[in-house]
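Before any comments, here is the structure.
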Amino acid sequence: MKLGRRKFLGLGSAALVGLSLKTERKVEGSFVNDSFQMGHRLRDRVSFPAPKRTEKVPVVIVGGGIAGLSAAWRLRKRGFTDFVLLEMNAQPGGNARWGENEITAYPWAAHYVPVPGPRAEYVRELFEDLGVLKNGQWEERYLAFSPQERLFLFGRWQEGIEPAIGLTPKDRDQFQRLEDLFGEFRKSGAFTVPVELGRSSKFQDLDRISFSDWLRQRGFDSRLLNWYMNYACRDDYGALASGTSAWAGIHYFSSRESEEKGPLTWPEGNGWITRRLLERVGENIRTGQMVHRITETRRGASVFAGDTEFQAEFVIFAAPTFLAPYLLENFPRLHDFVYSPWLTANLTLDRYPESRGAEPSWDTVFLESPALGYVDAMHQSLRTHVDRTVWTFYWALAEGAPAENRQLLLEKDWAYWKEAVLHELQRVHSDIRQCVSRMDIMRMGHAMIRPAVGSIFSEQRLRMSRLNGRMLFANSDLSAISIFEEAQYHGVKAAQKVLKRLHG
Ligand SMILES: Cc1cc2nc3c(=O)[nH]c(=O)nc-3n(C[C@H](O)[C@H](O)[C@H](O)COP(=O)(O)OP(=O)(O)OC[C@H]3O[C@@H](n4cnc5c(N)ncnc54)[C@H](O)[C@@H]3O)c2cc1C
(Lines give C-alpha, C1' and ligand atoms only; values in the text may rest on other atoms or scores of the structure.)
Protein backbone atom coordinates (compact mmCIF):
# COMPACT_ATOMS: atom_id res chain seq x y z
CA MET A 1 0.00 0.00 0.00
CA LYS A 2 2.96 2.31 0.61
CA LEU A 3 4.24 1.94 -2.91
CA GLY A 4 3.19 5.18 -4.59
CA ARG A 5 2.20 5.18 -8.26
CA ARG A 6 5.39 6.91 -9.43
CA LYS A 7 7.65 4.57 -7.54
CA PHE A 8 5.75 1.60 -8.86
CA LEU A 9 6.11 2.87 -12.43
CA GLY A 10 9.78 3.55 -11.82
CA LEU A 11 10.41 0.00 -10.72
CA GLY A 12 8.32 -1.31 -13.53
CA SER A 13 10.22 0.56 -16.21
CA ALA A 14 13.61 -0.42 -14.69
CA ALA A 15 12.55 -4.03 -14.93
CA LEU A 16 11.44 -3.49 -18.52
CA VAL A 17 14.73 -1.82 -19.46
CA GLY A 18 16.58 -4.83 -18.03
CA LEU A 19 14.40 -7.09 -20.08
CA SER A 20 14.83 -5.19 -23.29
CA LEU A 21 18.61 -4.87 -22.87
CA LYS A 22 18.93 -8.63 -22.76
CA THR A 23 17.08 -9.17 -26.00
CA GLU A 24 18.02 -5.99 -27.86
CA ARG A 25 20.16 -6.33 -30.97
CA LYS A 26 22.91 -4.00 -32.01
CA VAL A 27 21.74 -1.76 -34.80
CA GLU A 28 24.39 -0.79 -37.37
CA GLY A 29 24.06 2.26 -39.58
CA SER A 30 25.05 5.86 -40.25
CA PHE A 31 23.93 9.06 -41.88
CA VAL A 32 23.98 8.67 -45.65
CA ASN A 33 23.83 10.97 -48.69
CA ASP A 34 24.61 14.10 -46.65
CA SER A 35 25.02 17.03 -49.01
CA PHE A 36 24.77 20.00 -46.68
CA GLN A 37 28.57 20.42 -46.47
CA MET A 38 28.58 21.13 -50.21
CA GLY A 39 25.48 23.31 -50.07
CA HIS A 40 26.90 25.38 -47.23
CA ARG A 41 29.88 26.31 -49.41
CA LEU A 42 27.37 28.09 -51.66
CA ARG A 43 25.54 29.62 -48.70
CA ASP A 44 28.83 30.89 -47.23
CA ARG A 45 29.91 32.15 -50.66
CA VAL A 46 33.35 30.53 -50.43
CA SER A 47 35.47 31.22 -53.49
CA PHE A 48 35.93 28.37 -55.94
CA PRO A 49 39.10 27.88 -58.05
CA ALA A 50 39.10 29.46 -61.52
CA PRO A 51 38.09 27.05 -64.32
CA LYS A 52 40.87 25.20 -66.15
CA ARG A 53 38.87 24.42 -69.27
CA THR A 54 35.89 25.60 -71.27
CA GLU A 55 33.28 23.53 -73.03
CA LYS A 56 30.76 24.90 -75.53
CA VAL A 57 27.38 23.19 -75.33
CA PRO A 58 24.04 24.61 -76.50
CA VAL A 59 22.01 23.54 -73.45
CA VAL A 60 23.01 22.98 -69.81
CA ILE A 61 20.57 21.49 -67.32
CA VAL A 62 21.42 22.22 -63.67
CA GLY A 63 20.17 19.51 -61.27
CA GLY A 64 19.37 15.86 -61.90
CA GLY A 65 16.17 15.38 -59.91
CA ILE A 66 12.93 14.46 -61.67
CA ALA A 67 12.60 17.99 -63.13
CA GLY A 68 16.09 17.96 -64.70
CA LEU A 69 15.82 14.35 -65.86
CA SER A 70 12.43 15.08 -67.42
CA ALA A 71 13.85 18.04 -69.32
CA ALA A 72 16.60 15.70 -70.58
CA TRP A 73 14.01 13.05 -71.49
CA ARG A 74 12.04 15.54 -73.59
CA LEU A 75 15.17 16.86 -75.36
CA ARG A 76 16.37 13.39 -76.31
CA LYS A 77 12.89 12.22 -77.26
CA ARG A 78 12.78 15.09 -79.77
CA GLY A 79 16.15 13.98 -81.13
CA PHE A 80 18.20 16.72 -79.47
CA THR A 81 21.29 15.27 -77.78
CA ASP A 82 23.72 18.19 -77.62
CA PHE A 83 23.34 19.04 -73.94
CA VAL A 84 24.77 18.21 -70.52
CA LEU A 85 23.02 17.74 -67.22
CA LEU A 86 25.13 18.70 -64.19
CA GLU A 87 24.25 16.98 -60.93
CA MET A 88 26.10 17.77 -57.72
CA ASN A 89 25.62 14.37 -56.06
CA ALA A 90 27.24 11.10 -57.09
CA GLN A 91 23.77 9.62 -57.63
CA PRO A 92 21.18 11.48 -59.73
CA GLY A 93 17.48 11.48 -58.82
CA GLY A 94 17.29 14.10 -56.04
CA ASN A 95 14.21 13.26 -53.98
CA ALA A 96 13.61 10.26 -56.24
CA ARG A 97 16.87 8.51 -55.35
CA TRP A 98 16.93 4.91 -54.20
CA GLY A 99 19.18 2.45 -52.37
CA GLU A 100 19.62 -1.28 -52.53
CA ASN A 101 20.82 -4.07 -50.21
CA GLU A 102 20.87 -7.87 -50.34
CA ILE A 103 17.12 -7.99 -49.62
CA THR A 104 15.59 -5.38 -51.91
CA ALA A 105 15.80 -1.96 -53.53
CA TYR A 106 14.15 0.81 -51.46
CA PRO A 107 13.34 4.52 -51.81
CA TRP A 108 15.22 7.34 -50.14
CA ALA A 109 12.31 9.76 -50.40
CA ALA A 110 9.51 9.81 -53.02
CA HIS A 111 7.80 6.42 -53.17
CA TYR A 112 4.64 6.69 -55.24
CA VAL A 113 2.76 8.52 -57.98
CA PRO A 114 -1.04 8.63 -57.88
CA VAL A 115 -2.59 7.31 -61.08
CA PRO A 116 -2.39 10.42 -63.28
CA GLY A 117 -5.59 12.12 -64.28
CA PRO A 118 -6.41 13.26 -67.84
CA ARG A 119 -4.70 16.65 -67.46
CA ALA A 120 -1.31 15.17 -66.55
CA GLU A 121 -0.56 14.53 -70.24
CA TYR A 122 3.23 14.50 -69.96
CA VAL A 123 3.10 11.98 -67.10
CA ARG A 124 0.81 9.74 -69.14
CA GLU A 125 3.18 10.04 -72.10
CA LEU A 126 6.14 9.10 -69.90
CA PHE A 127 4.31 6.13 -68.42
CA GLU A 128 3.45 4.90 -71.91
CA ASP A 129 7.14 5.16 -72.76
CA LEU A 130 8.07 3.15 -69.66
CA GLY A 131 5.41 0.46 -70.17
CA VAL A 132 3.44 1.48 -67.07
CA LEU A 133 0.44 2.44 -69.22
CA LYS A 134 -0.32 0.07 -72.09
CA ASN A 135 -3.29 0.56 -74.42
CA GLY A 136 -5.04 2.66 -71.79
CA GLN A 137 -4.51 0.02 -69.03
CA TRP A 138 -2.26 0.45 -65.99
CA GLU A 139 0.23 -2.38 -65.56
CA GLU A 140 -1.18 -4.38 -62.58
CA ARG A 141 2.16 -5.13 -60.93
CA TYR A 142 2.89 -1.41 -60.55
CA LEU A 143 -0.41 -0.62 -58.79
CA ALA A 144 -0.03 -0.86 -54.99
CA PHE A 145 -1.18 -4.29 -53.84
CA SER A 146 -3.78 -4.72 -51.09
CA PRO A 147 -3.79 -4.11 -48.20
CA GLN A 148 -2.42 -0.69 -49.04
CA GLU A 149 -2.68 1.39 -45.89
CA ARG A 150 -3.33 0.85 -42.23
CA LEU A 151 -3.62 3.12 -39.23
CA PHE A 152 -2.88 2.24 -35.60
CA LEU A 153 -5.27 4.05 -33.30
CA PHE A 154 -6.75 3.50 -29.86
CA GLY A 155 -4.68 0.33 -29.38
CA ARG A 156 -5.73 -1.41 -32.61
CA TRP A 157 -5.40 -1.47 -36.35
CA GLN A 158 -7.77 -0.33 -39.06
CA GLU A 159 -7.46 -0.50 -42.82
CA GLY A 160 -7.03 2.90 -44.51
CA ILE A 161 -5.57 6.10 -43.05
CA GLU A 162 -8.72 8.16 -42.59
CA PRO A 163 -9.80 7.41 -39.00
CA ALA A 164 -12.85 5.13 -38.96
CA ILE A 165 -12.77 3.86 -35.35
CA GLY A 166 -14.04 5.79 -32.35
CA LEU A 167 -15.87 8.45 -34.35
CA THR A 168 -18.76 10.26 -32.67
CA PRO A 169 -21.82 11.29 -34.74
CA LYS A 170 -20.34 14.82 -34.75
CA ASP A 171 -17.05 13.53 -36.18
CA ARG A 172 -18.91 11.60 -38.87
CA ASP A 173 -20.98 14.60 -39.77
CA GLN A 174 -17.87 16.79 -40.10
CA PHE A 175 -16.02 14.25 -42.25
CA GLN A 176 -19.05 14.05 -44.54
CA ARG A 177 -19.52 17.81 -44.71
CA LEU A 178 -15.87 18.35 -45.56
CA GLU A 179 -15.92 15.62 -48.21
CA ASP A 180 -18.91 17.36 -49.80
CA LEU A 181 -17.03 20.66 -49.84
CA PHE A 182 -13.96 19.02 -51.42
CA GLY A 183 -16.31 17.49 -54.01
CA GLU A 184 -17.54 20.98 -54.95
CA PHE A 185 -13.99 22.26 -55.33
CA ARG A 186 -13.17 19.20 -57.46
CA LYS A 187 -16.09 19.97 -59.73
CA SER A 188 -14.91 23.57 -60.20
CA GLY A 189 -11.94 22.26 -62.25
CA ALA A 190 -9.60 24.79 -60.62
CA PHE A 191 -7.63 22.26 -58.54
CA THR A 192 -5.64 20.34 -61.09
CA VAL A 193 -2.42 18.39 -61.46
CA PRO A 194 -0.38 20.09 -62.86
CA VAL A 195 -1.41 23.10 -60.77
CA GLU A 196 -0.76 25.60 -63.57
CA LEU A 197 -3.46 24.23 -65.86
CA GLY A 198 -6.34 24.92 -63.49
CA ARG A 199 -5.22 27.63 -61.04
CA SER A 200 -7.75 30.45 -61.27
CA SER A 201 -7.96 33.80 -59.53
CA LYS A 202 -11.52 32.88 -58.55
CA PHE A 203 -10.05 30.96 -55.59
CA GLN A 204 -7.15 33.29 -54.84
CA ASP A 205 -8.64 34.23 -51.46
CA LEU A 206 -8.00 30.68 -50.29
CA ASP A 207 -4.28 31.37 -50.63
CA ARG A 208 -4.55 34.26 -48.16
CA ILE A 209 -5.41 32.14 -45.11
CA SER A 210 -4.01 28.98 -43.59
CA PHE A 211 -5.74 25.65 -44.02
CA SER A 212 -6.30 25.37 -40.25
CA ASP A 213 -7.98 28.82 -40.14
CA TRP A 214 -10.15 27.88 -43.09
CA LEU A 215 -11.25 24.69 -41.30
CA ARG A 216 -11.89 26.57 -38.06
CA GLN A 217 -13.93 29.26 -39.81
CA ARG A 218 -16.21 26.54 -41.17
CA GLY A 219 -16.74 24.96 -37.78
CA PHE A 220 -14.55 21.88 -38.32
CA ASP A 221 -13.38 21.20 -34.79
CA SER A 222 -13.39 17.39 -34.67
CA ARG A 223 -10.09 16.17 -33.19
CA LEU A 224 -9.88 13.18 -35.54
CA LEU A 225 -10.70 15.26 -38.59
CA ASN A 226 -8.06 17.82 -37.67
CA TRP A 227 -5.50 15.08 -37.07
CA TYR A 228 -6.21 13.73 -40.54
CA MET A 229 -5.95 17.15 -42.20
CA ASN A 230 -2.65 17.78 -40.41
CA TYR A 231 -1.40 14.35 -41.41
CA ALA A 232 -2.15 15.13 -45.07
CA CYS A 233 -0.25 18.45 -44.91
CA ARG A 234 2.72 16.87 -43.12
CA ASP A 235 2.78 14.00 -45.61
CA ASP A 236 2.67 16.02 -48.83
CA TYR A 237 4.06 19.38 -47.73
CA GLY A 238 6.12 18.69 -44.61
CA ALA A 239 4.03 21.33 -42.85
CA LEU A 240 1.20 21.56 -40.33
CA ALA A 241 -2.23 22.75 -41.53
CA SER A 242 -1.44 26.05 -39.77
CA GLY A 243 1.63 26.48 -42.00
CA THR A 244 -0.17 25.51 -45.20
CA SER A 245 -2.17 27.71 -47.54
CA ALA A 246 -5.88 26.74 -47.50
CA TRP A 247 -5.66 26.53 -51.31
CA ALA A 248 -2.98 23.84 -51.04
CA GLY A 249 -4.85 21.94 -48.30
CA ILE A 250 -7.92 21.84 -50.52
CA HIS A 251 -5.81 20.90 -53.55
CA TYR A 252 -4.58 17.77 -51.76
CA PHE A 253 -8.13 16.43 -51.53
CA SER A 254 -9.80 18.02 -54.56
CA SER A 255 -7.29 17.59 -57.38
CA ARG A 256 -7.90 13.91 -58.05
CA GLU A 257 -10.89 11.70 -58.65
CA SER A 258 -11.93 10.02 -55.42
CA GLU A 259 -12.51 6.59 -56.97
CA GLU A 260 -9.18 6.31 -58.72
CA LYS A 261 -7.04 3.13 -58.72
CA GLY A 262 -3.53 3.02 -57.49
CA PRO A 263 -1.26 4.53 -56.50
CA LEU A 264 1.60 3.44 -58.73
CA THR A 265 4.56 2.23 -56.73
CA TRP A 266 7.71 0.13 -56.93
CA PRO A 267 10.06 -1.42 -54.32
CA GLU A 268 12.48 1.49 -54.79
CA GLY A 269 9.61 4.01 -55.00
CA ASN A 270 10.05 6.74 -57.60
CA GLY A 271 13.66 5.57 -57.84
CA TRP A 272 12.25 3.10 -60.37
CA ILE A 273 11.25 6.01 -62.61
CA THR A 274 14.66 7.61 -62.09
CA ARG A 275 16.33 4.38 -63.18
CA ARG A 276 14.25 4.21 -66.36
CA LEU A 277 15.01 7.87 -67.12
CA LEU A 278 18.73 7.25 -66.57
CA GLU A 279 18.61 4.44 -69.12
CA ARG A 280 17.34 7.01 -71.63
CA VAL A 281 19.41 10.09 -70.79
CA GLY A 282 22.37 8.74 -68.78
CA GLU A 283 24.96 9.62 -71.45
CA ASN A 284 24.29 13.32 -71.01
CA ILE A 285 24.71 13.32 -67.23
CA ARG A 286 27.81 14.47 -65.36
CA THR A 287 27.59 13.60 -61.67
CA GLY A 288 29.62 15.07 -58.82
CA GLN A 289 29.38 18.44 -60.58
CA MET A 290 28.06 21.13 -58.28
CA VAL A 291 27.27 24.30 -60.18
CA HIS A 292 28.67 27.18 -58.14
CA ARG A 293 28.19 30.16 -60.43
CA ILE A 294 26.19 31.17 -63.48
CA THR A 295 26.90 34.39 -65.35
CA GLU A 296 24.95 35.85 -68.23
CA THR A 297 26.80 36.27 -71.51
CA ARG A 298 25.90 37.89 -74.82
CA ARG A 299 24.85 34.57 -76.32
CA GLY A 300 23.50 32.82 -73.23
CA ALA A 301 25.26 31.97 -70.00
CA SER A 302 28.43 30.54 -68.53
CA VAL A 303 27.86 27.78 -66.04
CA PHE A 304 30.75 26.98 -63.66
CA ALA A 305 31.14 23.52 -62.14
CA GLY A 306 34.29 21.70 -61.00
CA ASP A 307 37.18 22.82 -63.20
CA THR A 308 34.99 23.68 -66.21
CA GLU A 309 33.20 26.70 -67.61
CA PHE A 310 30.28 25.50 -69.73
CA GLN A 311 29.39 28.10 -72.35
CA ALA A 312 25.71 27.58 -73.06
CA GLU A 313 23.01 29.22 -75.13
CA PHE A 314 20.28 28.03 -72.78
CA VAL A 315 20.27 27.02 -69.12
CA ILE A 316 17.48 24.99 -67.54
CA PHE A 317 17.76 25.57 -63.81
CA ALA A 318 16.17 22.47 -62.28
CA ALA A 319 17.99 22.64 -58.93
CA PRO A 320 15.88 24.01 -56.05
CA THR A 321 15.09 27.63 -56.89
CA PHE A 322 16.25 29.00 -53.50
CA LEU A 323 19.81 28.45 -54.76
CA ALA A 324 19.42 30.97 -57.60
CA PRO A 325 20.46 34.04 -55.55
CA TYR A 326 23.64 32.18 -54.51
CA LEU A 327 24.60 31.22 -58.05
CA LEU A 328 23.42 34.11 -60.21
CA GLU A 329 24.71 37.65 -59.88
CA ASN A 330 22.20 40.32 -58.87
CA PHE A 331 19.41 37.82 -58.58
CA PRO A 332 16.51 39.39 -56.63
CA ARG A 333 15.70 38.15 -53.14
CA LEU A 334 13.24 35.28 -53.21
CA HIS A 335 10.00 35.68 -51.30
CA ASP A 336 7.55 32.86 -50.69
CA PHE A 337 10.11 30.07 -51.03
CA VAL A 338 10.04 28.21 -47.70
CA TYR A 339 11.36 24.63 -47.54
CA SER A 340 10.44 21.87 -45.10
CA PRO A 341 13.18 19.83 -43.43
CA TRP A 342 12.77 16.03 -43.39
CA LEU A 343 14.56 12.90 -42.46
CA THR A 344 14.07 9.43 -43.82
CA ALA A 345 15.45 6.20 -42.38
CA ASN A 346 15.85 2.86 -44.11
CA LEU A 347 15.61 0.00 -41.63
CA THR A 348 16.75 -3.54 -42.47
CA LEU A 349 14.49 -6.03 -40.71
CA ASP A 350 15.68 -9.61 -40.30
CA ARG A 351 12.11 -10.58 -39.50
CA TYR A 352 8.72 -8.89 -39.37
CA PRO A 353 7.49 -7.82 -35.90
CA GLU A 354 4.55 -9.71 -34.39
CA SER A 355 1.50 -8.67 -36.36
CA ARG A 356 -1.02 -8.42 -33.50
CA GLY A 357 -3.81 -9.37 -35.84
CA ALA A 358 -3.06 -6.97 -38.69
CA GLU A 359 -1.80 -7.95 -42.10
CA PRO A 360 1.35 -6.05 -43.11
CA SER A 361 0.45 -3.22 -45.47
CA TRP A 362 2.33 -1.09 -47.95
CA ASP A 363 1.99 2.06 -45.82
CA THR A 364 1.63 2.09 -42.02
CA VAL A 365 0.67 5.18 -40.02
CA PHE A 366 0.18 5.79 -36.28
CA LEU A 367 -2.37 8.23 -34.89
CA GLU A 368 -0.81 11.16 -32.99
CA SER A 369 2.78 10.35 -33.98
CA PRO A 370 5.04 13.30 -34.89
CA ALA A 371 6.41 11.09 -37.71
CA LEU A 372 4.51 9.84 -40.75
CA GLY A 373 5.00 6.09 -40.46
CA TYR A 374 6.72 3.73 -42.84
CA VAL A 375 6.49 2.01 -46.20
CA ASP A 376 7.45 -1.65 -46.75
CA ALA A 377 9.76 -2.13 -49.76
CA MET A 378 8.86 -5.83 -50.06
CA HIS A 379 5.14 -5.16 -50.32
CA GLN A 380 5.22 -5.22 -54.14
CA SER A 381 7.35 -8.38 -54.18
CA LEU A 382 5.90 -11.27 -56.19
CA ARG A 383 7.64 -13.83 -53.96
CA THR A 384 5.34 -16.20 -52.08
CA HIS A 385 7.37 -16.12 -48.87
CA VAL A 386 8.92 -12.93 -47.53
CA ASP A 387 10.73 -12.99 -44.20
CA ARG A 388 13.22 -10.11 -44.42
CA THR A 389 12.47 -6.61 -45.60
CA VAL A 390 13.39 -2.92 -45.62
CA TRP A 391 11.11 -0.25 -44.17
CA THR A 392 11.43 3.39 -45.16
CA PHE A 393 10.48 5.58 -42.22
CA TYR A 394 9.31 9.14 -42.99
CA TRP A 395 9.59 12.11 -40.69
CA ALA A 396 8.80 15.70 -41.69
CA LEU A 397 10.00 18.06 -38.99
CA ALA A 398 6.85 20.13 -39.23
CA GLU A 399 6.44 21.47 -35.68
CA GLY A 400 8.30 24.76 -35.17
CA ALA A 401 10.35 26.94 -37.49
CA PRO A 402 12.08 25.24 -40.46
CA ALA A 403 15.42 26.95 -39.67
CA GLU A 404 15.40 25.63 -36.09
CA ASN A 405 14.55 22.15 -37.28
CA ARG A 406 17.36 22.24 -39.84
CA GLN A 407 19.67 23.09 -36.95
CA LEU A 408 18.31 20.17 -34.94
CA LEU A 409 18.83 17.80 -37.87
CA LEU A 410 22.51 18.75 -37.97
CA GLU A 411 23.16 18.97 -34.24
CA LYS A 412 21.90 15.57 -33.19
CA ASP A 413 23.97 12.52 -34.01
CA TRP A 414 22.92 9.31 -35.74
CA ALA A 415 22.36 7.49 -32.40
CA TYR A 416 19.88 10.17 -31.35
CA TRP A 417 17.78 9.88 -34.49
CA LYS A 418 18.05 6.09 -34.50
CA GLU A 419 16.60 6.03 -30.97
CA ALA A 420 13.90 8.56 -31.92
CA VAL A 421 12.79 6.37 -34.85
CA LEU A 422 12.85 3.15 -32.80
CA HIS A 423 10.96 4.86 -29.99
CA GLU A 424 8.15 5.80 -32.39
CA LEU A 425 8.00 2.30 -33.87
CA GLN A 426 8.12 0.63 -30.47
CA ARG A 427 4.85 2.26 -29.47
CA VAL A 428 3.17 -0.01 -31.97
CA HIS A 429 5.61 -2.85 -32.61
CA SER A 430 6.82 -3.82 -29.12
CA ASP A 431 9.41 -6.28 -30.49
CA ILE A 432 10.86 -3.94 -33.15
CA ARG A 433 14.29 -3.80 -31.49
CA GLN A 434 14.71 -7.53 -31.98
CA CYS A 435 13.89 -7.26 -35.70
CA VAL A 436 16.09 -4.37 -36.89
CA SER A 437 19.75 -4.97 -37.74
CA ARG A 438 20.56 -1.79 -39.63
CA MET A 439 19.29 1.77 -39.92
CA ASP A 440 20.67 4.34 -42.36
CA ILE A 441 19.39 7.86 -42.07
CA MET A 442 19.19 10.64 -44.65
CA ARG A 443 18.87 14.27 -43.52
CA MET A 444 17.35 16.81 -45.90
CA GLY A 445 17.46 20.40 -44.70
CA HIS A 446 15.56 21.84 -47.67
CA ALA A 447 13.71 18.68 -48.63
CA MET A 448 10.66 20.16 -50.31
CA ILE A 449 8.92 23.44 -50.97
CA ARG A 450 6.23 24.35 -48.46
CA PRO A 451 2.97 25.79 -49.84
CA ALA A 452 2.78 28.44 -47.12
CA VAL A 453 0.07 31.11 -47.11
CA GLY A 454 0.46 33.33 -50.20
CA SER A 455 2.81 31.01 -52.08
CA ILE A 456 0.43 29.54 -54.67
CA PHE A 457 -0.36 32.91 -56.24
CA SER A 458 3.00 34.51 -55.43
CA GLU A 459 3.75 37.03 -58.21
CA GLN A 460 7.44 36.22 -58.16
CA ARG A 461 6.80 32.50 -58.52
CA LEU A 462 4.33 32.99 -61.38
CA ARG A 463 6.76 35.32 -63.15
CA MET A 464 9.61 32.82 -62.86
CA SER A 465 7.60 29.98 -64.32
CA ARG A 466 6.56 32.19 -67.27
CA LEU A 467 10.13 33.20 -68.23
CA ASN A 468 10.91 32.63 -71.88
CA GLY A 469 14.52 33.75 -72.24
CA ARG A 470 17.81 31.89 -72.19
CA MET A 471 17.53 31.08 -68.51
CA LEU A 472 14.54 28.91 -67.59
CA PHE A 473 13.51 27.65 -64.17
CA ALA A 474 12.10 24.15 -63.83
CA ASN A 475 12.19 22.78 -60.27
CA SER A 476 8.95 21.44 -58.80
CA ASP A 477 9.08 24.30 -56.28
CA LEU A 478 7.74 26.61 -59.02
CA SER A 479 4.32 25.09 -58.30
CA ALA A 480 4.76 25.54 -54.52
CA ILE A 481 3.67 21.90 -54.34
CA SER A 482 6.37 19.26 -54.44
CA ILE A 483 5.06 16.18 -56.20
CA PHE A 484 6.36 14.07 -59.05
CA GLU A 485 3.88 15.41 -61.59
CA GLU A 486 4.83 19.04 -60.93
CA ALA A 487 8.56 18.29 -61.26
CA GLN A 488 7.99 16.43 -64.50
CA TYR A 489 5.69 19.12 -65.89
CA HIS A 490 8.14 21.98 -65.31
CA GLY A 491 11.06 19.95 -66.67
CA VAL A 492 9.26 19.02 -69.88
CA LYS A 493 7.86 22.53 -70.30
CA ALA A 494 11.30 24.13 -70.01
CA ALA A 495 12.75 21.67 -72.54
CA GLN A 496 9.95 22.48 -74.98
CA LYS A 497 10.64 26.20 -74.70
CA VAL A 498 14.31 25.56 -75.47
CA LEU A 499 13.48 23.34 -78.47
CA LYS A 500 11.15 25.98 -79.81
CA ARG A 501 13.83 28.65 -79.59
CA LEU A 502 16.47 26.40 -81.13
CA HIS A 503 14.41 24.96 -83.95
CA GLY A 504 11.50 27.33 -84.30
C1 LIG B 1 10.85 12.63 -48.00
C2 LIG B 1 10.13 12.97 -49.27
C3 LIG B 1 9.16 12.11 -49.76
C4 LIG B 1 8.50 12.42 -50.95
N5 LIG B 1 7.56 11.54 -51.42
C6 LIG B 1 6.94 11.79 -52.58
C7 LIG B 1 6.05 10.84 -53.15
O8 LIG B 1 5.87 9.74 -52.60
N9 LIG B 1 5.45 11.13 -54.33
C10 LIG B 1 5.68 12.32 -54.97
O11 LIG B 1 5.09 12.55 -56.04
N12 LIG B 1 6.52 13.23 -54.46
C13 LIG B 1 7.17 12.99 -53.30
N14 LIG B 1 8.09 13.89 -52.82
C15 LIG B 1 8.29 15.15 -53.55
C16 LIG B 1 9.53 15.18 -54.49
O17 LIG B 1 10.23 16.31 -54.05
C18 LIG B 1 9.10 15.32 -55.95
O19 LIG B 1 8.30 14.22 -56.32
C20 LIG B 1 10.26 15.38 -56.95
O21 LIG B 1 11.07 14.23 -56.84
C22 LIG B 1 11.07 16.67 -56.91
O23 LIG B 1 11.95 16.72 -58.01
P24 LIG B 1 12.73 18.03 -58.42
O25 LIG B 1 13.57 17.68 -59.59
O26 LIG B 1 11.80 19.17 -58.57
O27 LIG B 1 13.67 18.41 -57.18
P28 LIG B 1 14.85 17.61 -56.44
O29 LIG B 1 14.50 16.19 -56.31
O30 LIG B 1 15.14 18.39 -55.21
O31 LIG B 1 16.10 17.71 -57.44
C32 LIG B 1 17.00 18.77 -57.47
C33 LIG B 1 18.37 18.24 -57.90
O34 LIG B 1 19.26 19.32 -58.06
C35 LIG B 1 20.54 18.93 -57.55
N36 LIG B 1 21.29 20.16 -57.21
C37 LIG B 1 21.04 21.03 -56.21
N38 LIG B 1 21.94 22.03 -56.26
C39 LIG B 1 22.75 21.80 -57.30
C40 LIG B 1 23.88 22.48 -57.84
N41 LIG B 1 24.32 23.63 -57.31
N42 LIG B 1 24.50 21.94 -58.92
C43 LIG B 1 24.07 20.77 -59.47
N44 LIG B 1 23.01 20.08 -58.98
C45 LIG B 1 22.36 20.60 -57.92
C46 LIG B 1 20.18 18.08 -56.34
O47 LIG B 1 21.25 17.27 -55.93
C48 LIG B 1 18.99 17.28 -56.87
O49 LIG B 1 19.42 16.10 -57.51
C50 LIG B 1 8.79 13.61 -51.65
C51 LIG B 1 9.78 14.46 -51.15
C52 LIG B 1 10.45 14.14 -49.99
C53 LIG B 1 11.52 15.07 -49.48
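Numbers here are sequence positions counted from 1. We count ligands from 1, going down the list as the structure has it; atoms in each ligand are counted the same way.
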Hey, does M444 come in under 3.5 Å of ligand 1, counting only N/O atoms on both sides? no
Could an N or O of ligand 1 be found under 3.5 Å from any N or O of G68, whether backbone or side chain? no
How far is atom 11 (O) of ligand 1 from its nearest protein heavy atom, and which residue and atom name does that atom have? F484 N, 2.8 Å
Of all the non-hydrogen atoms in the protein, which one sits nearest to atom 52 (C) of ligand 1, and at what distance? M448 CE, 3.6 Å
Side-chain donor or acceptor of S302 paired with backbone N/O of E309 under 3.5 Å: no
Does even one non-hydrogen atom of V113 get within less than 4.0 Å of ligand 1? no
E368/R427 ion pair, N-O < 4.0 Å: no
Test H429 against every option in F152, W391, F393 by the ring pair (Phe, Tyr, Trp, His ring centres under 6.0 Å) rule and name the one that passes. W391
Using a strict threshold of under 4.0 Å (side-chain N to carboxylate O), is an ion pair present between R276 and E279? yes
For atom 33 (C) of ligand 1, the option (of A110, G65, S479, G39) bearing the nearest heavy atom: G65
Would you tell me which option among P114, G63, A319 has the nearest heavy-atom contact to atom 37 (C) of ligand 1? A319
Taking 4.0 angstrom as the limit, do R76 and E283 come out as a salt bridge? yes
Which class fits the ring pair Y394 and W342: parallel under 30°, tilted 30 to 60°, perpendicular over 60°? perpendicular
Distance-only, no hydrogens or angles: does the D235 side chain make a donor-acceptor pair with backbone N or O of G238 under 3.5 Å? no
What's the shortest distance from atom 25 (O) of ligand 1 to any protein heavy atom, and which residue and atom give it? A67 N, 2.9 Å
The atoms of ligand 1 lying under 4.0 Å from a heavy atom of S476, numbered in the order shown, are 22 (C), 24 (P), 26 (O)
Within the 4.0 Å heavy-atom shell around I483, which atoms of ligand 1 are there? 11 (O), 12 (N), 18 (C), 19 (O)
Any N or O on T344 sitting closer than 3.5 Å to an N or O of ligand 1? no
D477 contact mode with ligand 1 (heavy-atom cut-off under 4.0 Å): neither
For atom 44 (N) of ligand 1, grab the closest protein heavy atom and report residue, atom and distance to one decimal in Å. M88 N, 3.2 Å
Considering only heavy atoms, does Q289 approach ligand 1 within less than 4.0 Å through its side chain, its backbone, both, or neither? backbone
Do any N or O atoms from the side chain of S146 and from the backbone of Q148 form a donor-acceptor pair under 3.5 angstrom? no
Around atom 53 (C) of ligand 1, find the nearest protein heavy atom and jot down its residue, atom name and distance. A447 CB, 3.6 Å
Give a yes or no on whether a salt bridge exists between E196 and R466, defined as a side-chain N under 4.0 angstrom from a carboxylate O. no
For atom 49 (O) of ligand 1, what's the nearest protein heavy atom and its distance? E87 OE1, 2.6 Å
With distance as the sole test, does N405 use its side chain to make a donor-acceptor pair with the main-chain N or O of P341 at under 3.5 Å? no
